[in-house]
Structure formats: structure tokens, C-alpha cells
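The residues of the chain are indexed from 1 along the displayed sequence. Note that ligands are numbered from 1 as they come in the structure, with each ligand's atoms numbered from 1 the same way.
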Amino acid sequence: MAMNRIQFQSGLSMLKFLKDFGTEAQCEQALEVARWSDGFHCPRCNGTAYYVIRDGIRKVFQCRACRHQASLIAGTVFQGTKLPLTVWFLAIYLVSQAKTGLSSLALKRQLGVSYPTAWLIHHKLMQAMVNREERYVLDGRIQVDDAYLGGERAGGKAGRGS
Ligand SMILES: [Zn+2]
């Protein structure tokens, strides 16, 4: 799924995020590169020549060869959404930056959307992350951030050092 390949660095500041993904055109560009890293390929005939047409705010690619129309968001976690990609990208940013998780209510406040919308975004993103985790097998040197291993032990000092 496309969002898997749009990576926000863990240390990405909000200012930098807004500079890189603050407009619909920037988000479209990022999604386009994530879907077709070597340019558009028609899902039907694999043609690479296309026209760009618009369906409301949505970018749609029309294949020049077979005239198949492929929406930029079709087949991604954003499929079917009427929200601007900027809202989704900001949601991904907020969820990915929140170490201890983010509630749908917090997302509603920060995105300025209704609670049902925030809830839907939240659940779609969480599901996409679960799907992603299932597909990856950790390999090489694994570094775990702020983890506690094992059970309780008497004595010893309190805190992460122990
Ligand atoms: Zn085609």
C-alpha cells in the first residue's frame, strides 16, 4: 500500500513537515512517487503515457493507450476519501510522531474534523500499520526504543538503567 513507502523521519519537525507536505500538490507528488517510483504505469495495459484529468480535488490519470482512468488514491489507504490529502498526511504525521499513541479525540481536535471522520482516519491508519507490520520480518540489528524487558526483580535501582 502506498502510504507504507511515504516515510516521515522520526525527528521531522512540524515546520519541516508543513514545508514538505503542506499543500495538496506536494502530497499528491509524494503519493505519486510512492505508487509509481519510475513514473505512471497503467494498471490495465501497463502503458506509461497519460493525460491528467481532475475529479474534483482528485488527480486522475487517464492512459493514452487504453483510456483507462486511475485515480491517484485508488488502491491506497486514502481510497474513497473526500478529504484533502493534506488532512491525511497531517494525520499520519501526528500519529507517527505520538510515541504513546494518539486518541481519535485528539486527532479530531488537531485536524479540525468531526469525531466520526477522525475515528475513521485513525482506524484506517492503524489498520494500515498493522498490515505493514505483518508484512515485514525484522532483520539485522534491531534497536528497541524505551523498552523494558523481563519481569520484576527485587533489589536493583528504579528507572530505565535497570
Ligand atoms: Zn492503459
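Rounding to the nearest 0.5 Å places CG of L12 at 10.5 Å from NZ of K19.
The main-chain N or O of L94 is never found under 3.5 Å from a side-chain atom of Q97 such that the two would form a donor-acceptor pair. For the pair R54 (side chain) and I57 (backbone), a donor-acceptor distance under 3.5 Å is present. A donor-acceptor pair is defined here as one N or O able to donate and one able to accept, closer than 3.5 Å; such a pair exists between the side chain of T76 and the backbone of I73. Panel note: side chain H123, backbone W119; a donor-acceptor pair is recorded below 3.5 Å.
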Step by step, would you call E28 with R35 a salt bridge (charged side-chain N to carboxylate O under 4.0 Å, His left out)? CA-CA 10 Å; E28 280 179 346; R35 290 198 68 179; over 6 Å; no
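Distances from the Zn ion (ligand 1) under 2.8 Å pick out these protein N/O/S atoms: C42 SG, C45 SG, C63 SG, C66 SG.
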